[in-house]
2 protein chains.
Amino acid sequence: MRVILAAGTTETALIDGISAAGAAPELMAQTPSADVEILEYGRPTVSPVTPVSPTGCPTPAAVTRAVRDVVDFDLTIVDAGLARPTGSPTVDLEVPAGTDVREPTAVADAAAIFERAREFGASLPDEALLLGETVPGGTTTALGVLTALGEPAGVSSSLPDNPLERKERVVETALEASNLEPGACGAEPLAAIRAVGDPVQPTIAGIAAGALESGTDVTLGGGTQMVAIAAVLRHAGVDEPLSLATTSFVADDPSADLEAACDRLDCELTVTDPGFDGREHVSMQRYCAGEAKEGVGMGGVLSLVPDGEMSAVRDRFEAVCARLGIDENGVDPESGSDAAGDGTDAAAGADGGP
Amino acid sequence: MRVILAAGTTETALIDGISAAGAAPELMAQTPSADVEILEYGRPTVSPVTPVSPTGCPTPAAVTRAVRDVVDFDLTIVDAGLARPTGSPTVDLEVPAGTDVREPTAVADAAAIFERAREFGASLPDEALLLGETVPGGTTTALGVLTALGEPAGVSSSLPDNPLERKERVVETALEASNLEPGACGAEPLAAIRAVGDPVQPTIAGIAAGALESGTDVTLGGGTQMVAIAAVLRHAGVDEPLSLATTSFVADDPSADLEAACDRLDCELTVTDPGFDGREHVSMQRYCAGEAKEGVGMGGVLSLVPDGEMSAVRDRFEAVCARLGIDENGVDPESGSDAAGDGTDAAAGADGGP
């Protein structure tokens, strides 16, 4: 099993109130670069920020890394529009960062990115791929694409209190700026991404399409952002079997309505509960309270954990948290977790960012 | 243990008779890009060539990949001047391909590359690093740097018949073009690389220097090219303990005289014999005949193989060879191993290229 993590950025995350990371633009831009360092090295290396919320909720990258310490899988990181340098190795598919969806064009070369990603996906010798993402603002661009495709559009959030109405207003403005009615792109999913999406979407959709056409099994690891990818693929005429693997935190979110979406898109749905409710650790409690929920492939890799090994994952998660400056009670002020001190939610790589 | 593989190119490999890959420049340029795909995916993916010599000797990347299938180590690939796209993820340290050493300047920004690599090396949380390389033409640039530093300079070759005199003439011309006498750069090792080296050298030397200063153990995995790196570090005043791990094929090469070089540079030497002489497979016989010998971290990762597991490595090596189109008797003409058909030695990522 190879996990492919597409990491990118969109200026959409900077819209006021859409992403808490927008309060500190540097965090929005840095989070994906830091996330992939956590996956590769276990903690940020050259990235100057540590994606931990003020309440002590770390980026889902910390969970994915914890799983990686327990389950043996190959990991390949793809640069899907990073805005800041990263110390992690990344596959270069020449994907630029995304523009604010309220501009007429959000991802100018969506079709070319899809094509390069498709070739990359088709080139891989693996029998099965699990695709994940980290892109702050990603649930807003997911809502945009689903709306442009004419799909019923519920999206989740990395915050307990989902600013869904605000996201809907942004999407409305974004479609107007692109001269599009809802549903106008039903037959042209890449046009939907070009107008109101983000660069991670054509990257993941392209890798999935290429892998499927070469006979590789594909699982989309994530929540409502991956629903948008599944919709793009189905609207593009891809009819191979598709699976979606997510966390219980997203599955339990009524605004996501994931089961109905997967039914509609003919996606097999796997939901995994990491059992965080059994521990006192503040980070696990924050996930149980609905913070972060998903992202950075978290739900996907949790589905790979064998029976009886989830306790080991929780142990490893505590160890990763300690490296990120979070002890059982919260963020350690003595630690290097400087991102937590400014009142912003740096864990914007979660299921879309709020 | 993290293995870091620096992959790059220098136009020096195109000099007539220096590298057999020069007979087909595309192979010289492509080999490192294909090598790192073999490490990451088990076979080339987007690279159009398969580095296998006409006699059926595959790139040492095939051995390193075989070890990876048996021994659990982290692998991070660094772009140290790749000239062609690769489907592998690479750390981007902004390292351009190297110029022909017979030009006045071979690596224009050697000092800046060293500094960026030093910061990267210092950022890594690992307790121990093993550094490897793939750069066609690399033993010639190693000879150049050793000569410019005033070190006794024996270098190995990926061919049984080492064109050492030809390399020495190239180095003589190269030093003249840079207005340098042998030994002129003894106090300025980065000036030696700038004048007559390749871009992989400041990358590996920088990573090693940064790692050592942050308390990480460093092993150089390779033959005479790694002797040149050790010399650069010692001439730069780095006095921490250093180890060099190589194959028995290089250690048995009298023109390398590795033991004396390691003594001189205060490097602990580890030599590992993969036991290829016990098998009939043509690829193992070619290594025993002195072809390829080392490269792509081969000797380094072989030193990580636990007692009793080398037979499993040989089994895995046969499986990797099969994927590269080599069966027990030689290159399968029906296979995709198209690089082997034109009479050139594509395995130039070996210990320096001939």
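Per chain, numbering begins at 1; letters A, B, ... match sequence-line order.
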Step by step, work out the side-chain contact (heavy atoms from CB on, under 4.5 Å) result for B:Val218 and B:Leu242. CA-CA 6 Å; B:Val218 171; B:Leu242 264 180; 4.0 Å; yes

Would you please classify the geometry between the A:Phe120 ring and the B:Tyr41 ring as parallel, tilted or perpendicular, with 30° and 60° separating the classes? perpendicular

Less than 4.5 Å to any heavy atom of chain A: does that hold for the side chain of B:Leu75, its backbone, both, or neither? backbone

By a 4.5 Å heavy-atom criterion (distance strictly below it), what part of B:Glu40 contacts chain A: side chain, backbone, both, or neither? both

Any ion pair linking A:Glu115 and A:Arg118 (charged N to carboxylate O, less than 4.0 Å)? yes

Less than 4.5 Å to any heavy atom of chain A: does that hold for the side chain of B:Arg323, its backbone, both, or neither? neither

Max heavy-atom pair count under 4.5 Å with chain A, selected residue of B:Thr45, B:Asp74, B:Thr90, B:Ile77: B:Thr90

Checking side-chain polar atoms at under 3.5 Å, does B:Arg2 have a donor or acceptor matched by the opposite partner on B:Thr76? yes

When you measure from the side chain of B:Thr59 to the backbone of B:Pro51, do you find a donor-acceptor pair of N or O atoms at a distance under 3.5 Å? no

Using a 4.5 angstrom heavy-atom cutoff, name the option from B:Pro89, B:Pro44, B:Pro85, B:Gly87 with the most pairs to chain A. B:Pro89

